[in-house]
Amino acid sequence: MADRRRINGPIGATTPPVYEAVPKRPAAKQQPAMRKIFLKTGVTPSASGSAYLELENPNQTSPQKTSLKLACTVHGPRALPRSAPFSPHIILTTHVKYAPFATRKRHGYLRDSSERDLGVHLETALRGAIIADRWPKSGVDIIVTIIEGDQDRDAPHNEDDQGWDMMNVLSGCITVASAAIADAGIDCVDTVAGGVAALVSRDDAAQPVIVVDPVVAENQKIHAACCVAYLPTRDEVTNVWFKGQLPGADILLYNKMVEKSLIACRSANRVVIQGLNETVKNVQNTT
Amino acid sequence: MATSSSLTLSSATFSKLSPHPYLLANLQASDSSSPSARTNGRLPQQARQPYINTSSLSHAHGSAVVRTGDTTVICGVRGETLLTSAVPNYRAPDDSSGATLNEARDYDLLVPNIELATGCAPNFLPGVPPTTLAQTLSTRVYSLLHSSKLLNVSGLRIYQKDGSELSGRQRGNEAMEEDDEGDSTITERAVKAYWVLYIDVLFISFDGNPFDAAWAAILAALQDTKLPQAYWDPDREMVLCSPKKRLPLTLSGFPVATTAAVFTAKEKPKKGGGQYWILVDPDRLEEGLCDETVTIVVDCPKEGTKVLGISNHGGTVVGPVLMKELAKAAESRWNDFRKAVS
């Protein structure tokens, strides 16, 4: 049945525009080792904590210089409803939602399976960082809105979407949520950060190589990707999401990929620390 | 907390404990020299300055970010094609006598939706169906889009490819046919499909006055929208777009919404009595304390101000005299937005 609480549009099916010829994309430039991250806290003053994250777009042909855009709000810690059973520690609820205009394909307003998947991964990544038993009988909501996903606008539409961009989105979600939790003043053992490494080959003949922070649009073929949530000062990993196939079930290659994603985590963490330092400075200046 | 000053409350505590007396105490000037101000430091008729940034999203055909104070809204406009064969009860538009036909409304070509459940304020959390406020806002925006006749529907029609772009042999054939029947071009240009505009508004931060901000975001995003040039390809029986050429939408006018709330000195005012204040562009605290709100939609072209809509909810304070005063405030707000867009 149609959703009566929203405006649904025409009864007939609508199709996204189909182009007569896909414009030739210029050859991808040499990718910098890591894309620059922009992070800012306090975008939603009425929430307990909030943060906004943007990734630089190295592909200069597109009109925008940034690709991934995430906004995160944290509400809580607050009392659980009376009906909820007793809990000795804080109850973490994560929501990840794509905006309808975030990706090439329009997302509906109801959460789909990939959004739930991202939410579960985000929860595991954060649960290891929060000191949960300091807030018994309370709950906290962490909401990440994906304003723009990590997809190439000019990629051909018939290209099968294997969901590799979800890895980059998840690592961004972890980093932005960590900054928002710190902004909300919830005690953590460390600031968690997310990072991605992938096994890619430029063309069919080339030997696959491991790259840090892969740009999905540029790489010809991704064999496997791995997203890690990492606590740098404690040297602990709270979540690993590995997807794809490794040639010849090589466990060494797997270890290498995780190590490479830790590099990405460390540099993302530096951005979080710097962003939080700026927030503290601003608070001290105003009071 | 503080033991020495236990008898006095900080202003933040006061506003949380008893918001109504707090706002009243701020508005009632203690002496005549200082003007009455609101809790947020603004004068009663003073609105927040808008900031607008357009085309910041790459997957939408048009987008805008609007910020007024602590209210931040993102709007993305996306075009999708709808074949006329998929429209039930389709009638071909006839520009000469098409007075009764309203294509945008009849075929539902504009689909605005407002999403508040992004955690933009503590009472809007995801995981629940859209709140009453979100549904009301979507409907109000929908009806204003249609009643203001903002969009020119002719820009949304998609025709069969013109003869000039066909291959040489076909053009030759057509030229011969044209000799036989002189006005074949009119029947040739039948509408084959329409653009449907999905207008999605997302609140990033919510601090009162959602309608004005959402409407401004929609207006700025529609001004920014560039749809690819599309045509009907009879061979492949589908709508194709040319990747290079993008055409902007044609908008008529620049309607701007201004909302004001009426704050009464008594919490439960009796009819026709008591002191009251008109608060233009209310924030979240003020919205929670006011029963009566007025929204005026105006457009101020050079010929003179046009009022496109007035809506008044709850309360009985606002009469024709006050309405005139509010129209003045709406005019200055129109200038603010006009400046912010350009």
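We name chains A, B, ... by the order of the sequence lines, and we start the count at 1 in each one.
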Can you say whether the rings of B:Y90 and B:Y107 are parallel (under 30°), tilted (30 to 60°) or perpendicular (over 60°)? tilted
Heavy-atom pairs under 4.5 Å with chain B - which of A:A71, A:A102, A:G76, A:A99 has more of them than the others? A:A102
Could you tell me whether the side chains of A:Y109 and B:D200 share a donor-acceptor contact shorter than 3.5 Å? yes
Check this for me: does any side-chain nitrogen of one of A:R35 and A:D150 sit under 4.0 Å from a carboxylate oxygen of the other? yes
Largest heavy-atom contact set with chain B, pairs under 4.5 Å, which of A:T103, A:V74, A:T93, A:I11: A:T103
Check: A:N282/A:N285 side-chain N/O donor and acceptor closer than 3.5 Å: no
Is it the backbone or the side chain of A:I147 that comes under 4.5 Å from a heavy atom of chain B, or both, or neither? both
Under 4.5 Å heavy-atom distance to chain B, tell me which part of A:T44 shows up: side chain, backbone, both or neither. both
Quick check on A:S50 against chain B: is it the side chain, the backbone, both or neither that has a heavy atom closer than 4.5 Å? neither
Could you check which of B:Y142, B:Y198, B:W195, B:F206 has the highest count of heavy-atom pairs closer than 4.5 Å to chain A? B:Y198
Do you see a donor-acceptor pair shorter than 3.5 Å between the side chains of A:E148 and A:S67? no
Region of A:I7 in contact with chain B, defined by heavy-atom distances below 4.5 Å: both
Highest number of heavy-atom pairs under 4.5 Å with chain B among A:I142, A:L110, A:V18 belongs to A:V18
Could you look at B:S63 and say if it's the side chain, the backbone, both or neither that has a heavy atom under 4.5 Å from chain A? neither
Answer with side chain, backbone, both or neither: which region of B:D207 has an atom nearer than 4.5 Å to a non-hydrogen atom of chain A? neither
Cation-pi, B:F211 ring and B:R140 (6.0 angstrom, 45 degrees): yes
Can you tell me which portion of B:P112 sits under 4.5 Å from chain A's heavy atoms? Options are side chain, backbone, both or neither. both
side-chain contact (heavy atoms from CB on, under 4.5 Å) with A:P10: which of B:D106, B:V87, B:V111, B:L109? B:V111
Highest number of heavy-atom pairs under 4.5 Å with chain A: which of B:L82, B:T81, B:L110? B:T81
Flag for A:T175-A:S178: side-chain donor and acceptor within less than 3.5 Å: no
As an exercise: rank B:V196, B:L125, B:V239, B:D233 by heavy-atom pairs under 4.5 Å with chain A and give me the winner. B:L125
Salt-bridge test for B:E80 and A:R106: reply yes if a basic N is under 4.0 Å from a carboxylate O, no otherwise. no
Hey, is A:R111 close enough to A:E115 for a salt bridge, meaning N to O under 4.0 Å? no
Is chain B contacted by the side chain of A:T145, its backbone, both, or neither, given a heavy-atom distance below 4.5 Å? side chain
Of the backbone (N, CA, C, O) and the side chain (C-beta and beyond), which part of B:A121 lies under 4.5 Å from a heavy atom of chain A, both, or neither? both
Among B:S138, B:P122, B:A86, B:G76, who wins on heavy-atom pairs under 4.5 Å with chain A? B:P122
Looking at A:H95, A:R6, A:H75, which one has more heavy-atom pairs under 4.5 Å with chain B than the rest? A:H75
Side chain from CB out, backbone as N, CA, C, O: work out which of these in B:R67 comes under 4.5 Å of a heavy atom of chain A, or both, or neither. neither
Please flag which part of B:P228 lies under 4.5 Å from any non-hydrogen atom of chain A: side chain, backbone, both or neither. side chain
Any salt bridge between B:R157 and B:E103, counting N to O under 4.0 Å? yes
Salt-bridged, A:R78 to A:D141, with N to O below 4.0 Å? yes
Does any backbone or side-chain atom of B:I204 lie under 4.5 Å from a heavy atom of chain A? Answer side chain, backbone, both or neither. both
